[in-house]
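Below: the structure, in structure tokens.
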Amino acid sequence: MKMTAPGPTGAEMLRQLRAIQRAPHEFLLNCARTYGGVTQFPIGNLPVYAVSDPAGVRHVLQDNARNYTRDTLQFNTLALVTGEGLLTSDGDYWLQQRRMMQPAFHRQRVAAFGQTMVGATKKMLTRWDALPDGVTLDIDHEMMKLTLEIVGRTLFSVDLSAAASDMVQAVLITLDYIVYRAQTPLALPPFVPTPRNRAFHRALQMLDDSVYRLIAARRAESTGIQNGDLLDLLLAARTEDGQPMSDRQLRDEIITLIIAGHETVASGLSWTWYLLAKNPAASSALAAELAQRLNGRPPAVDDLPHLPYTRAVFDEALRLYPPAWLITRRARAADEVAGHIIPAGALVIISPYVVHRDEKLWPEADVFRPERFLGESVPRFGYLPFGSGPRLCIGNTFALVEGALILATVAQRYRLRAAAGHSVQAEPLVTLRPQGGLLLRLERVGN
Ligand code: HEM
């Protein structure tokens with residue numbers, strides 16, 4: 001029998017407004033624990049349905065994915081920056097772009113980036129080595145710089161973290177603006193020349209100019225030169241009827257990959273270091289696996305199948321703190337999700353943070369236990385750090401390889417320690433970030 005989903009009333013929402021604004025991920029988790037796997041509540045006069053039941057997740061993201069569009073505040077705001085890139089486009093256009101770009105993210109292609117990933121990490125460690133042992137660093141900031149360098153080098157062979165610092169500033173300003181707009185739905189529209197809107201448009205212009213310059217320079221290079229980066233692959237990609245991408249399409253996809261591909265990985269790694277610092281036994285098990293397999297040498301992609309615990313540590317961190325904590329869709333037509341009616345036009349929310357902390361799927365859900373990912377089967381549609389169905393993250397292999405290589409390179413040389421009683425709150429922005437950064441003490445291991 002079809003049921004109306006239970007959930008808090010408008011009056012209850014108003015009473016909790018501050019708490020909801022401060023920690024929407026916790027609000028969603030409480031809703032699921034109180035009302036179940038499909039709940040509804042109003043935001044203004046918009047009906048919102050939060051789905052965490054695995055069968056419901058499967059229905060929305062996979063089985064009936066065509067009924068769910070990206071016409072939501074989350075994606076419309078992102079589109080101000082990423083245009084019609086893969087993350088924000090929909091329908092036939094999205095499918096055409098996805099088909100064109102998919103080969104660039106195949107495992108073998110990603111494997112070719114392994115050396116770049118390790119090289120950038122070693123460069124960071126050289127900088128750390130020059131610091132006094134025991135120094136405290138904002139590890140979140142370090143991870144952001146590192147992943148930005150990696151995305152820049154793998155995309156277009158440029159070190160974004162150093163050479164193009166204007167571009168980095170522009171990326172950060174546009175990301176801040178996305179958060180501001182998502183949190184302030186009543187803000188004046190982007191075309192109104194408020195100081196904030198103008199700063200955003202300046203940053204966007206700067207970003208566009210840099211990306212168009214990169215594309216033009218690459219097009220001007222004599223053909224046949226291979227840089228071996230993603231831009232080469234995007235330039236060579238063709239639609240089914242043989243069309244290449246226009247400059248505008250390339251611009252949208254490149255900016256999408258910068259935005260989707262760096263803060264997510266950085267957040268995932270920051271939480272990994274935090275969890276390791278809080279769990280010395282896991283940290284020792286990780287060090288033991290790395291010592292046994294690598295014996296002090298830098299890791300390579302071929303080592304990854306032999307480093308199951310390293311991978312499990314990253315998987316488990318992505319379970320507890322999934323960087324993409326919120327996935328939103330708009331229902332095209334009315335639908336039934338896990339026995340509940342969803343009306344046409346409703347906003348549907350799936351929060352991996354909520355699904356990953358469901359005690360029925362993950363006993364002792366709040367406990368960090370990488371062993372869950374060794375041997376035990378992972379509940380289908382109960383683990384979705386990269387989403388699921390046709391819109392599964394195109395960069396998921398890239399992210400897992402990058403995460404494991406960075407972890408293996410750093411953890412061989414350093415143990416990151418938290419001060420006693422140190423606790424960090426999660427702040428749900430575009431990704432789930434450690435609030436106020438992540439201060440950890442560097443402790444050199446071995447020589
Ligand atoms: C730990 C790191 C990452 C996480 C947690 C993550 C998470 C996600 C999630 C959940 C989605 C699906 C969103 C939805 O269905 O609404 C997604 C899509 C996407 N991700 Fe990632 N991502 C990560 C890394 C990357 C990297 C490294 C890249 C590129 C280099 C990337 C590029 C993209 C793109 C282009 C999409 C849109 C795919 C499409 O709709 O066809 N991501 N990501």
Side-chain angles (χ1 to χ4, degrees), residues 51 57 60-62 65 68-72 74-76 78-79 82-91 93-102 104-106 109-110 113 116-117 143-144 146-148 150-156 160 229-231 233-234 252-272 311 314-330 347-353 355-356 381 383-407 430-433:
V51 178
V57 169
V60 173
L61 294 185
Q62 181 165 301
Y68 294 92
T69 73
R70 299 210 161 191
D71 181 16
T72 67
Q74 181 186 34
F75 288 110
N76 292 337
L78 268 171
T82 60
E84 288 207 89
L86 215 49
L87 198 55
T88 37
S89 56
D90 243 326
Y93 179 75
W94 164 78
L95 188 60
Q96 168 200 296
Q97 292 298 105
R98 176 92 190 199
R99 287 200 177 131
M100 260 207 277
M101 291 173 65
Q102 191 72 55
F105 290 90
H106 277 164
R109 290 285 183 193
V110 171
F113 295 136
T116 304
M117 293 166 175
M143 292 300 113
M144 287 284 265
L146 177 58
T147 55
L148 196 54
I150 291 173
V151 93
R153 283 190 191 282
T154 51
L155 251 176
F156 31 67
L160 281 179
D229 53 22
L230 286 167
L231 182 54
L233 300 171
L234 298 186
D252 287 353
E253 299 302 0
I254 287 173
I255 292 181
T256 294
L257 294 176
I258 298 175
I259 301 245
H262 96 278
E263 191 183 297
T264 43
V265 184
S267 304
L269 282 164
S270 290
W271 290 115
T272 306
R311 163 75 192 262
F314 195 48
D315 287 340
E316 175 71 339
L318 294 179
R319 182 184 71 79
L320 278 170
Y321 296 100
W325 64 281
L326 186 69
I327 295 175
T328 58
R329 297 287 190 268
R330 169 104 42 203
L347 179 70
V348 176
I349 287 181
I350 292 174
S351 170
Y353 182 83
V355 177
H356 294 177
F381 297 93
Y383 184 64
L384 42 141
F386 297 104
S388 198
R391 305 295 299 246
L392 179 76
C393 174
I394 202 171
N396 74 338
T397 304
F398 187 112
L400 290 172
V401 166
E402 181 181 1
L405 287 176
I406 293 175
L407 254 180
V430 175
T431 63
L432 197 61
R433 316 274 302 131

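In what follows, residues are counted from 1 in the order of the sequence shown. In listed order, ligands and their atoms are each counted from 1.
Arg98 NH1, 3.4 Å is the protein heavy atom nearest to atom 38 (C) of ligand 1. Summary of contacts: the protein heavy atom closest to atom 26 (C) of ligand 1 is Gly261 CA, 3.5 Å. For atom 6 (C) of ligand 1, the closest non-hydrogen atom on the protein side is Phe386 CD2, 3.7 Å. The shortest contact between atom 34 (C) of ligand 1 and any protein heavy atom is with Ile394 CG2, 3.8 Å. Among protein heavy atoms, atom 12 (C) of ligand 1 sits closest to Arg391 O, 3.5 Å. If you check which protein heavy atom lies closest to atom 13 (C) of ligand 1, you get Arg70 NH2, 4.1 Å.
Within ligand 1, counting atoms from 1 as listed, the ones closer than 4.0 Å to a heavy atom of Ile327 are 14 (C), 15 (O), 16 (O). Set against the non-hydrogen atoms of Ala324, the atoms of ligand 1 under 4.0 Å away are 7 (C), 10 (C). Interface of Gly395 with ligand 1, defined as ligand atoms under 4.0 Å from a residue heavy atom, comprises 26 (C), 27 (C), 28 (C), 31 (C). Here is the list of ligand 1 atoms found below 4.0 Å of a heavy atom in Trp94: 39 (C), 40 (O), 41 (O). Those atoms of ligand 1 that come under 4.0 Å of a heavy atom in Gly387, given as number and element, are 10 (C). For ligand 1, the atoms closer than 4.0 angstrom to any heavy atom of Arg329 are 14 (C), 15 (O), 16 (O). Listed by number with element, the atoms of ligand 1 under 4.0 Å from a non-hydrogen atom of Ala399 are 1 (C), 2 (C), 24 (C).
For atom 2 (C) of ligand 1, the candidate residues are Leu384, Leu318, Thr431, Thr264; the nearest heavy-atom contact is made by Thr264. When the heavy atoms of Ala65, Ala260, Pro385, Cys393 are ranked by distance to atom 43 (N) of ligand 1, first place goes to Cys393. The closest non-hydrogen atom to atom 37 (C) of ligand 1, taken over Leu87, Leu230, Asn396, comes from Leu87. Which of Phe398, Phe113, Trp325, Phe105 comes nearest to atom 27 (C) of ligand 1 through a heavy atom is settled by distance: it is Phe398.
Glu402 pairs with exactly one of Ile150, Thr397, Leu269, Val110 by the side-chain contact (heavy atoms from CB on, under 4.5 Å) rule, that one being Ile150.
Interatomic distance, Leu384 CG to Leu61 CG, rounded to the nearest 0.5 Å: 6.5 Å. Of the inter-residue distances, the one linking His262 atom NE2 with Met143 atom CE reads 13.0 Å to the nearest 0.5 angstrom. From Asp71, atom CG reaches atom CG of Asn76 across 5.0 Å, with rounding to the nearest 0.5 Å.
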Mind running side chain to side chain contact (heavy atoms under 4.5 Å, CB included) on Leu148 and Ile258 for me, showing each step along the way? CA-CA 8 Å; Leu148 196 54; Ile258 298 175; 4.3 Å; yes

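A heavy-atom distance below 4.5 Å is not found between the side chains of Leu320 and Trp271. With contacts defined as side-chain heavy-atom distances shorter than 4.5 Å, the pair Ser267/Tyr321 does not qualify. By the 4.5 Å heavy-atom criterion applied to side chains, Leu432 and Tyr353 are counted as neighbours. Inter-residue side-chain proximity for Arg391 and Arg70 is flagged as met; some heavy-atom pair is nearer than 4.5 Å. Residues Leu257 and Phe105 form a side-chain contact, since some pair of their non-hydrogen atoms from C-beta on lies under 4.5 Å apart. Arg99 places a side-chain heavy atom less than 4.5 Å from the side chain of Leu95. Between Met117 and Phe398 the shortest side-chain heavy-atom distance falls below 4.5 Å.
Residue contacts with ligand 1: Gln97 is excluded, as none of its non-hydrogen atoms falls under 4.0 Å.
By the 3.5 Å distance cut-off applied to N or O atoms, Thr256 is not counted among the residues near ligand 1. For the pair Glu402 and ligand 1, the shortest N or O to N or O distance does not fall below 3.5 Å.
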